[in-house]
2 protein chains.
Amino acid sequence: MHESSHILKGLKDQGHKFTKVRKLVLDLLIKSPKPLSSPDIQKAFLARKMPVNKTTIYRELAFLKGQGVIRELQFGDNTMRYEVTPDNHHHHIVCINCDKIEDVILEKDLDMEEKAIAQIKNFKILNHSLEFYGICERCQ
Amino acid sequence: MHESSHILKGLKDQGHKFTKVRKLVLDLLIKSPKPLSSPDIQKAFLARKMPVNKTTIYRELAFLKGQGVIRELQFGDNTMRYEVTPDNHHHHIVCINCDKIEDVILEKDLDMEEKAIAQIKNFKILNHSLEFYGICERCQ
DNA sequence: TGACAAACGCAACCGAGTTGCGTTATCATT
DNA sequence: AATGATAACGCAACTCGGTTGCGTTTGTCA
Ligand SMILES: [Mn+2]
Ligand SMILES: [Mn+2]
Ligand SMILES: [Zn+2]
Ligand SMILES: [Zn+2]
């Protein structure tokens, strides 16, 4: 049951190509327990004896992001990270000591807050980012 | 009236020096309606015919952050921004078209959420970052 | 199998942020 | 006011994530 084939099929139907890089980038992101950076992905390719130019990785990530397949995150270290767009919206908690990252689901979501802010500030809110920073069990 | 003198006095009592750069960086951040990046600050110095080396800016920001005087923020463009540590915790809403940034105060804060997450994930939560992204009134 | 566009590699580049080291300015002490 | 200690500064060189232009390869479909 490889989830990536289904996604790639959809992209192909829209005139995009089914390439090795595209499939592996997607597979890596699907399998990864935490968001990956472009350098992370390039290293993963290298580890599989499949060197890929960094430009290709950046372009592929931009493409998948543009297609809504993945989303971009930042955890305070000036490098973008990516994860497959989740079905159920969630956030992250990051250990500032060992960089452990876990998914977090809020008890109460931020929809009401967004509505209130949109009204008060006259913004049309498209999305938000929320990350918690702390010390994980092992590190404290 | 000049809030910076008070802060600088406190720093001086701890053995730190009262310099032109320190005072102006702090004044700029106090007066700015939105968080500033290191390049922003360097340009502000230049505009006042007071060129300052970028290393100095970075070191000063790191210093003020370490002292808890300012805090570091990120708005998805891979450049850190800084604002004076607020008395009342708040977040930000960013226009993805014109980069307008406004402060936002949540109706309900995230303390309860943090407690719940800390317990479930066994993390000791130190802080969090929450930014909303959208289109401002002028841009929509 | 041929042709077209998408995808790719390469090299050069950009800009935020860092580091090492020698110099200058602040501040307390005399 | 002169002295000395050290915080702060400037400079140059560097790191690294990310981008751009352009020529080449590869996937797709007729
Ligand atoms: Mn996640
Ligand atoms: Mn603010
Ligand atoms: Zn940890
Ligand atoms: Zn705007």
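Note on naming: letters A, B, ... go to the chains in the order of the sequence lines (proteins, then strands), and numbering restarts at 1 for each one. Since this is a predicted model, take the numbers as computed values, not measurements.
A salt bridge links R71(B) to E83(B): one of the charged nitrogens lies within less than 4.0 Å of a carboxylate oxygen. Checked for salt-bridge contact, K115(B) and D111(B) miss the test: no charged N lies under 4.0 Å from a carboxylate O.
Here the P atom of nucleotide dA7(C) and the CE atom of M50(A) are 19 Å apart, to the nearest Å. The OH atom of Y82(A) sits 13 Å away from the P atom of dG17(D) (whole-angstrom rounding). Rounded to a whole Å, the NZ atom of K12(A) is 19 Å from the P atom of dA5(C). In this entry the distance linking CG of L11(B) with C1' of dA8(D) reads 13 Å, nearest Å. Rounded to an integer number of Å, the gap from Q67(B) CD to dA8(D) C1' is 14 Å. For N78(B) and dG17(D), the CG to P distance is 11 Å, given to the nearest whole Å. Rounded to whole angstrom, the span from the NZ atom of K17(A) across to the C1' atom of dA3(C) amounts to 11 Å. F75(B) places its CZ atom 16 Å from the P atom of dA16(C), with the value rounded to the nearest Å.
For the pair E114(B) and N127(B), the tightest heavy-atom approach, listed with the atom from each and the gap, is OE2-C, 4.4 Å. Shown here for M50(B) and L24(B), the closest heavy-atom pair between the two residues is SD-CD2, 4.0 Å. Closest approach of L73(A) to P35(A), counting heavy atoms only: CD1-CG, 3.6 Å.
Listed pair Y58(B) / dG17(C) meets the phosphate criterion, a side-chain N or O lying under 4.0 Å from OP1 or OP2.
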Just the atom pairs and distances: protein N or O near nucleotides 9-15 of chain D's N or O, under 3.5 Å.
residue: dC9(D); atom: OP1; partner: T19(B); partner atom: OG1; Å: 3.1
residue: dG10(D); atom: OP2; partner: N53(B); partner atom: N; Å: 3.3
residue: dG10(D); atom: OP2; partner: T56(B); partner atom: OG1; Å: 2.5
residue: dG10(D); atom: N7; partner: R59(B); partner atom: NH2; Å: 3.4
residue: dG10(D); atom: O6; partner: R59(B); partner atom: NH2; Å: 2.5
residue: dC11(D); atom: N4; partner: T55(B); partner atom: OG1; Å: 3.4
residue: dA12(D); atom: N6; partner: T55(B); partner atom: OG1; Å: 3.3

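When each of T79(A) and F18(B) is assigned the nucleotide of DNA chain D bearing its nearest heavy atom, the one mapping closer to the 5' terminus is F18(B).
More than 12 heavy atoms of other residues, nucleotides or ligands shown are found within 6.0 angstrom of CD on Q14(B).
A donor and an acceptor atom, one from each side chain of H92(B) and D103(B), are located under 3.5 Å apart.
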Inset, instruction - May I have the step-by-step check of side-chain contact (heavy atoms from CB on, under 4.5 Å) for L36(B) and Y82(B), ending in yes or no? - result: CA-CA 5 Å; L36(B) 300 177; Y82(B) 301 84; 5.9 Å; no
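The only option from R22(B), K23(B), K17(B), K20(B) that meets the salt bridge (Lys or Arg N to Asp or Glu O under 4.0 Å) definition with E60(B) turns out to be R22(B).
Using a 4.0 Å cut-off on heavy atoms, none of the residues of residues 28-43 of chain B approach DNA chain D.
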